[in-house]
2 protein chains.
Amino acid sequence: MIETDCVEVLDRIVTHTQIRPGQTVFEEGDEAKYAYNVSRGHVRLFKLLQDGRRQITGFLAPGDFLGLAARQTYAYSAEAITDADLCRLKVGELENLLEEMPPVRERLYEIANDELAAAQEQMLCLGRKTAKERVASFLISQLRHAADCGDGIAEFELPMSRSDIADYLGLTIETVSRTFTALREEGLIELPSTHRISIPSIATLEASTEA
Amino acid sequence: MIETDCVEVLDRIVTHTQIRPGQTVFEEGDEAKYAYNVSRGHVRLFKLLQDGRRQITGFLAPGDFLGLAARQTYAYSAEAITDADLCRLKVGELENLLEEMPPVRERLYEIANDELAAAQEQMLCLGRKTAKERVASFLISQLRHAADCGDGIAEFELPMSRSDIADYLGLTIETVSRTFTALREEGLIELPSTHRISIPSIATLEASTEA
DNA sequence: ACGACGCGTTGAGCGAGGTCAACGCATCGG
DNA sequence: CCGATGCGTTGACCTCGCTCAACGCGTCGT
């Protein structure tokens, strides 16, 4: 794990910031001066159309990076979903770091490719799946994310609102809500509370992510 | 331009292949043994669902790379759209090349980030734009691609079929066809032939890519 | 020369998901 | 204690894009 190898180096050049739900980290088009890492909380990345339609391109959890793209300006906006702590690093400093530690660049390349693969999977979702399949796919991927972060049980927290889920899946709030209800009525999921999901049979839910 | 800097090195380790329209370069899930560069023709990248629904995640033109992702298996399938020539390179050789020439890794990182930005733009299209906006966005991006490759005039060739366009934009063949007709009737585009597009006013067409 | 086939276009009807509206239920400030 | 506000759910209705079908046209192979 490279991230931990260079903690001391990072501590010299990193600053920590706290943000509140709904607060902006940066906006699409801003000059990309800083790269960030989420140390606590959840963040949404999104793009807007002029009339306000929003597409969320990703959700970030603790450990995830944002603003790493080697570009002049940010390609998307970023906002906190929950209370969040971020580490911030000047991109210039990041360049220096990459000179000193070439394996870090390799790691960044891997991260970019993982994001690309996720983006392509999401295109398949948005372009070709039904509402039910999209919601099922989303829940499975959130489950995997939660499972990586510890407990192997099939119950987890959804930090984002129905509106965020809708804008991530290319649906409306109402359709997301109705689909949750339908999945619950079919016994594919349980909803102990609005933001808590329990999955009795992962295999069965997974089967309804396509075909 | 790094690509041209190392042409001699590449010639030692690269093999050239020709493929015909519809022919497969590799399939999603195959072991990723080779990286490729398109030297002639056009290629489509896509993912399939079990029931055959297809999402095209990108079109490649001469100069574009495929199979670069640092992953064990390919994340998508690749097929020729037209007759095409490809250079093929063992990923092991690519690794060696990266040792010898660190700037190449930087370039690959840039390429991955450009693809990521394009993927995010496409998510916005698929999740939040209407059929007309999607087709207009697609035509504008194809125009830009063509314009980069030479002539500044607003007429260009579409190498892919209506079916490919539909699967790229998350629509049906019929909707793509109807939308082309509608754009023509509104004077936003001209269709000298089925696979040839002319854009009288780029600004006007661009305006109809959103809001 | 001619039928078969692939591709694109057009029309008619339908349905998944969007829109609009009402309502329940927390949380919050006065 | 109570109205206001925000979020989620549900219902009724509508529309955009899908489905199914017919047809035109160019390119094959025979």
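Sequence lines set the chain letters: A, B, ... in the order given, protein chains first and strands last, and positions in each chain run from 1.
End-to-end axis angle of the helix from C:dA1-D:dT30 to C:dG30-D:dC1, using five pairs per end and rounding to 10°, comes to 30°.
Proximity of B:His195 to the phosphate of C:dC7: no side-chain N or O atom is located under 4.0 Å from OP1 or OP2.
The aromatic rings of A:Phe26 and A:Tyr74 lie parallel to each other, with less than 30° between the two planes, well short of the 60° mark.
Residue A:Thr130 places its side chain closer to C:dG17 than to any other of D:dG8, D:dC20, C:dG17. Closest to the side chain of B:Glu174, from the set C:dG17, C:dG18, C:dT10, is C:dT10.
The main-chain N or O of A:Thr209 is found under 3.5 Å from a side-chain atom of A:Lys129 such that the two form a donor-acceptor pair. A donor-acceptor contact shorter than 3.5 Å is absent between the side chain of B:His195 and the backbone of B:Pro159. With hydrogens and angles ignored, the 3.5 Å screen pairs a side-chain donor or acceptor of B:Glu210 with a backbone N or O of A:Gln50. In terms of modelled atom types and a separation under 3.5 Å, the side chain of B:Glu93 and the main chain of B:Lys90 share no donor-acceptor contact. Side-chain atoms of A:Thr179 never come within 3.5 Å of backbone atoms of A:Lys132 as a donor-acceptor pair (strictly under, hydrogens ignored).
Here the P atom of nucleotide C:dG18 and the CZ atom of A:Arg53 are 13 Å apart, to the nearest Å. Between A:Ile173 atom CD1 and C:dG17 atom C1' there is a gap of 14 Å when expressed in whole angstrom units. Between the CG atom of B:Leu171 and the C1' atom of D:dG17 there is a distance of 8 Å, rounded to whole Å. The separation between B:Arg196 atom CZ and D:dG26 atom C1' is 19 Å, rounded to whole Å. The CD1 atom of A:Ile165 sits 9 Å away from the P atom of D:dT9 (whole-angstrom rounding). The NZ-P distance, from B:Lys132 to D:dT15, rounds to 18 Å in whole Å. Rounded to whole angstrom, the span from the CZ atom of B:Arg128 across to the C1' atom of C:dG17 amounts to 11 Å. Rounded to whole Å, atom C1' of D:dT10 lies 14 Å from atom CZ of A:Arg162.
A heavy atom closer than 4.0 Å to some atom of DNA chain D occurs in B:Thr175, B:Arg178, these being the qualifying members of residues 175-193 of chain B.
Under the rule for a side-chain hydrogen bond (donor to acceptor under 3.5 Å, both in side chains), the partners of B:Arg128 that lie at least two apart in sequence or sit in another chain are A:Asp167.
B:Arg44 and B:Gly22 get closest at one heavy-atom pair: NH2-CA, 4.1 Å. Contact detail for A:Tyr168 and A:Gln55: the closest heavy-atom pair is O-NE2, 3.0 Å.
Residue A:Gly170 is in sugar-phosphate contact alone, with no base atom involved, counting any heavy-atom pair closer than 4.0 Å across all strands shown.
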